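Let me begin by presenting the structure, written as structure tokens, before commenting on it.
Values in this document were obtained by computation on a predicted structure and should not be read as measured data. When reading the values below, keep in mind they use all heavy atoms of this one structure, side chains included, and skip hydrogens, waters and symmetry mates. The sequence lines fix the lettering, A, B, ..., with proteins before strands; numbering per chain opens at 1.
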Amino acid sequence: MSTSLRNNSAVALAAAAFVLLLAGLTLAFYWVPNAPVEGFRQRIFYIHVPVALTSYACFGWAAWKALRLLWTRERRYDLESYTAVHMGVIFGILTLVTGSIWARTSWGVWWSWGERQLVLFLVLFLFYSAYFMLRYSVEPGPRRERMSAVYALFGVVLIPVSFMAIRLAEGLIHPVVFDRDPSDNLAASQLTTFVVCFAATLALAASLYVNELTGKRVDERLRELREALT
Amino acid sequence: MNYLSDVGALARKDLRLELRSRDTFLSMVLFVVATLVVFSFSLPAGTAEEASYGLLWVALLFTAILGLTRAFAAEREQRLLDGLILAPCDRSAIWLGKAIAVLAFLALAEVVALPAFALFFEPVTWEVVAAVVLANLGLAAVGTLLAAMAAASRARELLLPLLLLPLAIPIVVGGVGASISDDPGRFLGFLGLYDLIFAILSWASFEYVVTE
Amino acid sequence: MIRARGLGRSFGTKRVLRDLDLDVGERDLLVVTGPNGSGKSTLLALCAGLLAPTAGELEVGVDRGRVGYLAHEPLVYRELTALENLELYGCLYRVPERRERIGMLLERFALWEARHERVSAFSRGMQQRLALCRTLLHDPDLLLLDEPYAGLDEAGAALLDAELGALAGERTLVVSTHEPERVAALATSRLALG
Amino acid sequence: MTSAEKYVTAAYLVVLGVLLAYLVIYAFKLSRLEREVGELTELARRRREAEPTPEPDREEVAP
């Protein structure tokens, strides 16, 4: 894409993210009524679940870019996959933090093995930290790009598999907690707030992704320039 | 037919190398028995019997990691992977040959480990044996691919456990579940599904890990 | 057989090969010379397909089953015997009448007596000769020899001279060496790197 | 503020905090890039003064 086109879309993304975030916050705090049972603390739901879903989206995007790298051997996909994984991990950390705060309000403990999604994010966090360890311990070049791509693909396959494992582990290895599935009995107003918040976090992730990608591209171009000059 | 003869030749080579040096296999057997003994000291008297099955699976997992760290040792020290990659055979044959060798070492170590476990802790039911067999397949499949990745990196011995442990969590869940649950079928089915998915994924992606 | 345009390769930030154009015909013998670290081995590894170019493009007219590659390392298992190594590669390269061909090569490179000995017991020269057997085992159309004379004594070097003499004009050869005069007579083209 | 409200605001503030931290790290990265560009332009200028005529860069194969 020509740089002017890219700049405009980056600005558009940032603006969209800002507007949606603002809308999401006001809706979540002021417009939507308190949930019948949980009352005020249910409002964490409007940040915790959108951030979690955005994290999944980032990992999915990273796997998609990785697949294209392996398929078309075009080297620019490596940076895109790497940035997407980086985004996924940042939102993963946010999910873990907001999730443990939610566990604190609901069950008075900072961590509960019964909350499936939290446990899954812990597994994914471990997995993708190893992704960065892999990247740092291999020389930059085609070999590292392909290995990172393969590992990112394993990651996205691991998400459903380990979710099944965690579900199987309930009651036998981990304690069962009455786990009200957050997205099933939502009133209309709660649903709209959730959708706006989700769109906001997605736009935010996309905006950060585009900026960081540009930063990494400049980094690489500078390295080539340095190579050409020395 | 050629593919199988390649895999056979590669697996025979690994087994012959192991018979000559005998270091990987013996160290795995001693490691698993020593780990079980250490674990026996780690459980307070009152804990439930099921806890010991958990120890068995942790011991098996780390024995597998020990074996996998040695998997590409010869290829890495003498830079032999280049020779194997240049051969016209499908590169996944290298993965399958190595996975079969790792599987053999794991099985041999478990032939000693399971009776030792039965002696020290709880009886080994057929569900446990079935789960161990399925877990071996999964560990060998994914572990061989990750060992090839680690072999190409600087921090080899450190990187392999980091790469493998998150991917091994479903195997441990399936294994422990099959050992202590009164309905082991679900867990064995899950282990089978895991093996199928990750064996195919490892088989397909090995080529991209060892070449440029 | 080999065509390179603007070929480049860098490892991380270090650029080893830069903007290289190269044409090697079917029956040519290209001698590659240059100081250490000038990219000779990298060029051969690129032609063998072990490394991917990070700049420009490279075409090799034959698939990897018809390429013989002799690297710095012998690429044989130290704990296996000479025979076992060649049998492994014979199987992987699908060499017809494998036994006869292995026997003939071992004899030609004076390794027949040591065929049941482990490579770990071999001297540097014997390992180099075994590596040559491995390279020639499947009768390749393209031979990439990275400093083939390294470690060879006078007798070994004479064996190699005879071998190269027989192959020159029949096959495509790319030989990187620090003693170009040994192959000067056979060379059809020359490339000085670095 | 009830304890629930404290926790909810804490959750949103944490998210904001992490984003601000991300921006700070990104700012450091930008300043590093800026310094690097400065170095390279300096390098380029020195190189242009050293060799007024650019020498050929391609290695031809001697027949």
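- No more than 12 heavy atoms of other residues, nucleotides or ligands shown are found within 6.0 angstrom of CZ on A:F18.
- Annotation for A:M164: atom CE counts as buried by contact number, over 12 foreign heavy atoms lying within 6.0 Å.
- No more than 12 heavy atoms of other residues, nucleotides or ligands lie within 6.0 Å of CZ in A:F125, so this atom counts as exposed by the packing criterion.
- Taking CD from A:E224 and CZ from C:R15, the interatomic distance works out to 8.0 Å, rounded to the nearest 0.5 Å.
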Working for side-chain contact (heavy atoms from CB on, under 4.5 Å), residues A:R75 and C:T54: CA-CA 9 Å; A:R75 306 205 38 201; C:T54 50; 3.6 Å; yes
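- Atom CZ of A:R76 has more than 12 neighbouring heavy atoms from other residues, nucleotides or ligands inside a 6.0 Å radius.
- Taking 4.5 Å as the limit, every side-chain heavy atom of A:R223 sits out of range of all side-chain heavy atoms of C:S10.
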